[in-house]
Amino acid sequence: MRRALVLVAFLALLLTGCGAGADGPDDGVVRLRFQSLAWQKESVDANRQLVKEWNAAHPGIRVEYVQGSWDSVHDQLLTSFEGGEAPDIIHDASDDLADFAYGGHLADLRPLLSERLLADIPARSWETTTFGEGVHGVPFLQEPRVIIANRRILESSGVRVPTPEHPWTWTEFRRIAQDLTRVMGPGRHAVAWPLKEPVSVSLNLGLSAGGRLFHRGEDGRVTVDLTEADTVVPGTIRDLVVTDRSAPRTTLGSGGSDTLPGFFAGKYAMVPLGFAYRQQIAQQAPEGFEWTVLPAPAGAAGLAQGVSPQTLSIAEASPHKKEAAAFLDFFLRPENMVRLALGDWMLPTGTTALADPSLHTARHGWATGAAVARQLRPAPAQSVRGYPEWKDKVATPAFQEYYSGAIDAGELRRRLVADGNRVLARYQRK
């Protein structure tokens, strides 16, 4: 019995030692965990290479690359925060940060970041990660929505091809879609709208027409109000589908990738997509397929559109915030931000990086995206408490039924405003 007790005590001591050394040996080296959500090979390679370069130059501050997933990041972070196991450096998107920031899980970066980094990223981008009085993430990659078009169909039809300097208006876009549908013939459509996630498309593109939907009062409370400007983009999309039939109903429930086979086959002349889809198109398009990138239509506010940038944050619980901030300063140097943007087929937020010649080439539409990037604004719902519930329970089904023709504009308004404000009110009670 005595020998058994000694053995148990020895094992307990051994396990205790292992737990104490979970963050690494006591050798004076600071160890940081960086959870990245990069998933495309080029992007993962760029992230890993930058971590490798940092570690080679900073032997006293070691960064461990941890692979995360966009599909589960919110729940995973919530669990890790509650369990005290959050990574030191967190990759996410600005529209996912509000609850974590208000919950005290993310550090205020204002006293930690270098003046260079703070000055290089425009104020409008910093707005996307500002919650209350603090800045809780560095916005570093952004993705505008553009129109990917079949070059041959557009050129043979004789329609005016838009540029960032002379874009289509929403009215012109509708008329051109009608013309293209007639030219293409039966069973084909000018544009396919993949609207499996209709809310962000509707709100973010709605900024071009001056729409806001969410309005913050002097008391700080947010309410929903569907103004005439808010109806321009949703109304145009519905007209294309229901009235003109220049866009098929069948793609309304699709994701962006689902529309590509039909696009390659010539069933659709245009598909509105996020900028990063260009990589998939470049890799999957059949030999000889010619495509081009066009800016989204403009409204009263020009090419403005909402965006929720990818972000890098530091956990409030991290004992090494200064070291984590130093890594972010290295990771987001202009030349490195360009590498990350090229790897993700997206655009950097930093003004120095965005000016890099590699992001202004005509090939694959980089120049068009760079021109649109100057017009990007914070997504309307960026800091709205209760937005996820409003989106899932109210807005998504309402927009889906509206675009399919199942409900009219009056019913859409009632649901978004009346039902929506009841949801938001629960999150704003004092």
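Ionic pairing of R212 and D225 is not present here: no N-O contact between side-chain nitrogen and carboxylate oxygen is shorter than 4.0 angstrom. Between D419 and R422 a salt bridge is recorded (basic side-chain N to carboxylate O distance below 4.0 Å). With respect to the salt-bridge test (charged N to carboxylate O, under 4.0 angstrom), the residues E290 and R152 qualify. Under a 4.0 Å N-O distance rule, the pair D329/R333 does not qualify as a salt bridge. Comment: R377 does not engage E127 in a salt bridge, judged by the lack of any side-chain N to carboxylate O separation of less than 4.0 angstrom.
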May I have the step-by-step check of side chain to side chain donor-acceptor pair (under 3.5 Å) for D92 and T311, ending in yes or no?
CA-CA 5 Å; D92 203 350; T311 58; 5.6 Å; no
Run W345 and E143 through side chain to side chain donor-acceptor pair (under 3.5 Å) and show every step you take.
CA-CA 9 Å; W345 287 62; E143 183 182 19; over 6 Å; no
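Residues M270 and F173 are in side-chain contact: their nearest non-hydrogen atoms beyond the backbone lie under 4.5 Å apart. Side-chain atoms of S208 and V233, non-hydrogen and from C-beta on, do get closer than 4.5 Å to each other. A heavy-atom distance below 4.5 Å is not found between the side chains of V44 and N47. The shortest side-chain heavy-atom distance between W366 and F275 falls under the 4.5 Å cut-off. Contact of the E323 side chain with the L32 side chain is registered, since non-hydrogen atoms from C-beta on lie closer than 4.5 Å. Side chains of P297 and T169 form no contact here, defined as non-hydrogen atoms less than 4.5 Å apart. Side-chain contact between Y268 and N150 is absent, with no heavy atoms from C-beta onward closer than 4.5 Å. With a 4.5 Å cut-off on side-chain heavy atoms, R116 and P334 count as touching.
F81 pairs with exactly one of H105, Q76, E316 by the side-chain contact (heavy atoms from CB on, under 4.5 Å) rule, that one being H105. Paired with F399 under the rule side-chain contact (heavy atoms from CB on, under 4.5 Å), one option of V201, L412, L252 passes, and it is L412.
Shown here for E133 and D108, the closest heavy-atom pair between the two residues is O-OD2, 4.4 Å. For the pair A381 and L203, the tightest heavy-atom approach, listed with the atom from each and the gap, is CB-CD1, 4.4 Å.
Between Y403 and S202, the side chains place a donor N or O and an acceptor N or O closer than 3.5 Å (distance only, hydrogens not considered). Side-chain contact annotation: Q67 with S36, donor-acceptor N/O pair under 3.5 Å absent.
Using cut-offs of 30° and 60° for the angle between ring planes, the F289 and F264 rings count as perpendicular.
Note that R110 lies outside the cation-pi zone of W126, set by a 6.0 Å cut-off to the ring centre and a 45° limit from the axis.
The backbone N or O of Y427 lies less than 3.5 Å from no partner atom in the side chain of R385, so there is not a single donor-acceptor pair.
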